[in-house]
Structures are given as structure tokens and as C-alpha cells.
Novice: 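Below is one structure. I have some questions about it.
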Amino acid sequence: MNCSCKNKGPFNCIELVPIFSSLTGEEMLEIAAITSDRTFEKGEMVYMAGEKGKILFVIHKGRVKISRLGANGKEQVIRVLGPGEFMGELSLFSPMPMSDNAEVIEKATMCMIEGGRLKELMGKYPAIAFKVMEELSKRLEIAENLIEDINLYSVEQRVAQALLKMADGKGEVLLKMTKGDFASHIGMSQETLSRKLSSFQEQGMIKQIGQRRIIILNADGLKQMQ
């Protein structure tokens, strides 16, 4: 089945993904032939830990939260993925069940590529496998940096670092997740995050606008916390 999650051509959703960027149009047609599409509503689970993963999911529209649950039931947000990004890739290389949960946080349309047949194409086009490995290496580095930050830095330092990293060129942060998920991602409770953000605002370093918009007023002050 050809991927139909597009309006601008037969390879729109596939072209979004860096792992397929080096393929020719003919090669992309082979990917499209093993691809179907589906729309997921906000709050819907794409997959859950413990399930057998056999599909590579490519996000065409919307956002998905990847998380894990600890033994105490506490959620740890690992990352939030958006258009052009993919998930479920570990199932391509391991027979083990999925270890993460994937929850839609913004209505999403995804292209779903059959894992077994994609592995066959990886053998035919090694560039795909190398691109997947490159992306996994980047994600591993980000995860290791996050673990280091949680272990070495104070709550104030982690919040300051996160705001500086997420800010655009104008010093504005637009959260792609709820504050609760943001707090979980940087290793603290939502209550602790709210207190620190309020403290930063009282000190004149930031200004909070609504639930997801933060303006950095004093970047130097935040940097000094690092």
C-alpha cells in the first residue's frame, strides 16, 4: 500500500525523514510500497512497553511523547518527537519487547513501515542502516547528557540550562509539552518546576506567558547558575 499521508506527492512523508534522504525516487517507491498510514488522536497510545514492535513509525503531523515508567510508577519523559522524526526503531534490531511508551500529545498522522521488510531494504541500501545508527547515536548522547545533568547539577541549574537550550534567537521558549512532562524530562516534580520558574520570574530573569510560553529576560543571570 502506498503511503497516503501526504498532499504534495507520493513520497511526502518519507522525504521528511533524514534516514531516507539519500535515496532516489525509485528507491523511495520501494519504501512507499511497504508503508501505510494512520491518524492517532490526542491521548492515544501508539505502542506500550511490553508489546512486540514490528513497525517503524514516521510522524507526518503532530507530536508524540516517549516515556518510561519506573518501578514506583513514576513517569520519566525521554523525548517528544514531531514531524519528520521516527520511533519504534529499536524493534528493528532486537527481538526484545518495547521498553518505552509512545503517547500522542497532539493529534498525529503517521506513516507505518513494516519492520521486517524494511530490514530487507536496509541490506539492499546500507545508507538507510547507517542513517538509523547515526540517529540512535545522537539520541544516546542526549540521554547520557541528561543523566549527567540530573546527577551533577542542582534543580535551579537544570531548569536554567533547559530554558537556555530551548530558547529561540529572540530568547523565547515555547514548550512542546506540558509543564508536567517538561518537569519529568529534566528529573523533577511539576511542583518543584513551578516553584523554580516562579522564583526566576520574581528575580526578573524570565516572564511566563500562559502555560507554555516563557520569555527569557536575563540570559546572563541564567548562565551564571550553570
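These numbers come from the heavy atoms of this one structure, side chains and all, not from hydrogens, waters or symmetry mates. Computed from a predicted model, the values in this text were never measured in an experiment.
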Novice: When rounded to the nearest 0.5 angstrom, what is the spacing between CD in Gln161 and CZ in Arg158?
Specialist: 9.0 Å

Novice: Whether the side chain of Ser184 engages the backbone of Gly180 through a donor-acceptor N/O pair (distance < 3.5 Å, no angle test) should be reported.
Specialist: no

Novice: Identify all side-chain donor-acceptor contacts of residues 208-215 below 3.5 Å with residues at least two apart in sequence or on another chain.
Specialist:
unit_1 : atom_1 : unit_2 : atom_2 : d
Gln208 : OE1    : Lys179 : NZ     : 2.7
Arg213 : NE     : Glu172 : OE2    : 2.7

Novice: So which heavy atom on Val104 is nearest to which on Phe40, and how close?
Specialist: CG2-CB, 3.5 Å

Novice: Any side-chain heavy atom of Met110 within less than 4.5 Å of one from Met87?
Specialist: yes

Novice: Between Ser199 and Gln203, does any side-chain donor sit less than 3.5 Å from a side-chain acceptor?
Specialist: yes

Novice: Check salt bridge (Lys or Arg N to Asp or Glu O under 4.0 Å) between Lys131 and all other residues, then give those that pass, not counting sequence neighbours.
Specialist: none

Novice: Does atom CE of Met133 have more than 12 heavy-atom neighbours, drawn from other residues, nucleotides or ligands, at distances under 6.0 Å?
Specialist: no

Novice: Answer yes or no: is there a donor N or O on one side and an acceptor on the other, between the side chain of Thr109 and the main chain of His60, under 3.5 Å?
Specialist: no

Novice: Is there a side-chain contact between Asp220 and Lys223 (heavy atoms, below 4.5 Å)?
Specialist: yes

Novice: Would you call Leu163 and Leu197 a side-chain contact if the rule is heavy atoms closer than 4.5 Å?
Specialist: yes

Novice: Flag the pair Leu69 / Glu75 as yes when at least one side-chain heavy-atom distance between them is below 4.5 Å, and no otherwise.
Specialist: yes

Novice: Apply side-chain contact (heavy atoms from CB on, under 4.5 Å) to Glu85 and list each qualifying residue two or more places apart in sequence or on a separate chain.
Specialist: Leu81

Novice: If every non-hydrogen atom of Asn218 is compared with every non-hydrogen atom of Gly204, which pair is closest and at what distance?
Specialist: CB-O, 4.1 Å

Novice: With sequence neighbours left out, what residues match Lys165 under side-chain contact (heavy atoms from CB on, under 4.5 Å)?
Specialist: Asp149

Novice: Are Lys124 and Glu120 ion-paired here, with the side-chain N under 4.0 Å from a carboxylate O?
Specialist: no

Novice: List the atom pairs, donor and acceptor, that lie under 3.5 Å between side-chain atoms in residues 49-59 and the rest of the protein, sequence neighbours left out.
Specialist:
unit_1 : atom_1 : unit_2 : atom_2 : d
Glu51  : OE1    : Met48  : N      : 3.3
Lys52  : NZ     : Pro95  : O      : 2.7

Novice: Would you say Val173 and Ile206 make side-chain contact, with heavy atoms under 4.5 Å?
Specialist: no

Novice: Would you compute the distance between atom CG of Leu118 and atom OG1 of Thr35 and round it to the nearest 0.5 angstrom?
Specialist: 8.0 Å

Novice: Give me each pair satisfying salt bridge (charged side-chain N to carboxylate O under 4.0 Å, His left out) with a member in residues 93-107, each pair once, sequence neighbours excluded.
Specialist: Glu41-Lys107, Lys65-Glu103, Arg68-Asp100

Novice: Is the closest side-chain heavy-atom distance between Val155 and Arg195 below 4.5 Å?
Specialist: no

